[in-house]
Protein chains: 2
Amino acid sequence: MESKCCVNQENVDIVREELYADNEIAEIADIFKSLGDPTRMRIVAALGIRELCVGDLSALMEISQSGVSHQLRLLKQKRIVKSRREGKLIMYSLDDQHVVDLIKITANHVRHEE
Amino acid sequence: MESKCCVNQENVDIVREELYADNEIAEIADIFKSLGDPTRMRIVAALGIRELCVGDLSALMEISQSGVSHQLRLLKQKRIVKSRREGKLIMYSLDDQHVVDLIKITANHVRHEE
DNA sequence: TGAACATATGAGCATGTATTCATATGAAAA
DNA sequence: TTTTCATATGAATACATGCTCATATGTTCA
């Protein structure tokens, strides 16, 4: 943006070529964003333990049923979570084992472990 | 929040007990949030390829030097990125291999692979 | 020491987003 | 079919956040 500054054009070119494409970056970042909110993180972690309905999650999170529902929709769009009907209830569970790994790795990071 | 709804108290109690503590959830979510922005994701991905200075990143991202610097500070606080001085330049690189794994797993997720 | 340069920081703005309230939807039970 | 109940959706709001501009900091080299 400003005057040339220090740019090492060679480095920049090399990295630019090897780097993920912009749209791929955006998609990856979007997944991280989905997990980057305490409420959604708790929802995902909870569903990693046990399949739960919206009401259960609402009680667990201490957040309104509406709020939980909104977040679940978001997580479902990202294929992090899936749902199935059981009688009157809609039961939610994880749609993807990747997520479990992601959380474990990150938990290790914050604990300065391994 | 509302009337009892469907709550299965047993499920809720079990999950509540096994769930990560709130502060741990917050820390984990915070790491994901750091990676959950396209600009920061690109920075981290770029540094995964090669050590770069702020000016290089600024050129690569097409964002002001100031903007890059702000994001780098955030990533440094989270121990995702580290820096060292080399003459006039400050060279940034990844501080943690965990991050590389996180990105790979998530790239697989968005590609519906493995 | 002083000038030049790379980086860091603070303020401000424009945009995004998490939550709630009120209400709609739709399956199930009566 | 009608009622009931769990979930979903839309609007509104309060708050967070990414970016830029202007400027401060601090290191290097003359």
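All values reported here derive from a predicted model rather than from experimental measurement. Every chain is numbered from 1 and lettered A, B, ... according to where its sequence line falls, protein lines coming before strand lines.
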Hey, can you pull the donor-acceptor pairs under 3.5 Å for the side chains in residues 30-41 of chain B, sequence neighbours left out?
residue  : atom : partner  : partner atom : Å
Ser34(B) : OG   : Asp30(B) : O            : 2.9
Asp37(B) : OD2  : Thr39(B) : N            : 3.0
Asp37(B) : OD2  : Arg40(B) : N            : 3.0
Arg40(B) : NE   : Ser34(B) : O            : 2.7
Arg40(B) : NH1  : Gln71(B) : OE1          : 2.8
Arg40(B) : NH2  : Lys33(B) : O            : 3.3

Only distances under 3.5 Å count here; give the side-chain donor-acceptor pairs of residues 99-107 of chain A to other protein atoms, sequence neighbours excluded, each with its distance to 0.1 Å.
residue   : atom : partner   : partner atom : Å
Thr106(A) : OG1  : Leu102(A) : O            : 2.8

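For the pair Asp95(A) and Lys82(A), the tightest heavy-atom approach, listed with the atom from each and the gap, is OD1-CD, 3.7 Å.
Contact annotation: Ser64(B) reaches the phosphate of dT20(D) (side-chain N/O to OP1 or OP2, under 4.0 Å).
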Using a 4.0 Å heavy-atom cut-off to protein, can you give one letter per nucleotide of nucleotides 22-29 of chain D, 5' to 3': B if the base is in contact, S if only the sugar-phosphate is, - if neither? B----SS-

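Within the 4.5 Å cutoff, the side chain of Leu47(A) has heavy atoms near those of the Leu57(A) side chain.
Look at Arg111(B) and Glu24(A) and you find a salt bridge, because one of the NZ, NE, NH1 or NH2 atoms lies within 4.0 Å of a carboxylate O, short of that distance. A salt bridge is absent between Glu18(A) and Arg50(B); no separation between the charged side-chain nitrogens and carboxylate oxygens falls under 4.0 Å. For the pair Asp22(A) and Arg42(B), the salt-bridge criterion is met [side-chain N within less than 4.0 Å of a carboxylate O].
One interatomic measurement links the two molecules: OH of Tyr92(B) to P of dA6(C), which rounds to 15 Å at whole-angstrom precision. A straight line from CE of Met91(A) to C1' of dA6(D) spans 12 Å, rounded to a whole angstrom. At whole-Å resolution of the value, CD in Glu86(B) and P in dT7(C) are 11 Å apart.
Sorted pairs that involve residues 42-82 of chain A and meet ring pair (Phe, Tyr, Trp, His ring centres under 6.0 Å), not counting sequence neighbours, are lacking altogether.
Note that OG of Ser83(A) is 12.0 Å distant from CG of Leu89(A), once rounded to the nearest 0.5 Å.
Grouping the Ile, Leu, Val, Met, Phe, Trp and Tyr side chains by contacts below 4.5 angstrom, directly or via other members, places Met91(B) apart from Ile43(B).
Residues of residues 67-77 of chain A that place a heavy atom closer than 4.0 Å to DNA chain C, in numerical order, are Gly67(A), His70(A), Gln71(A). Residues of residues 22-53 of chain B that place a heavy atom closer than 4.0 Å to DNA chain C, in numerical order, are Cys53(B).
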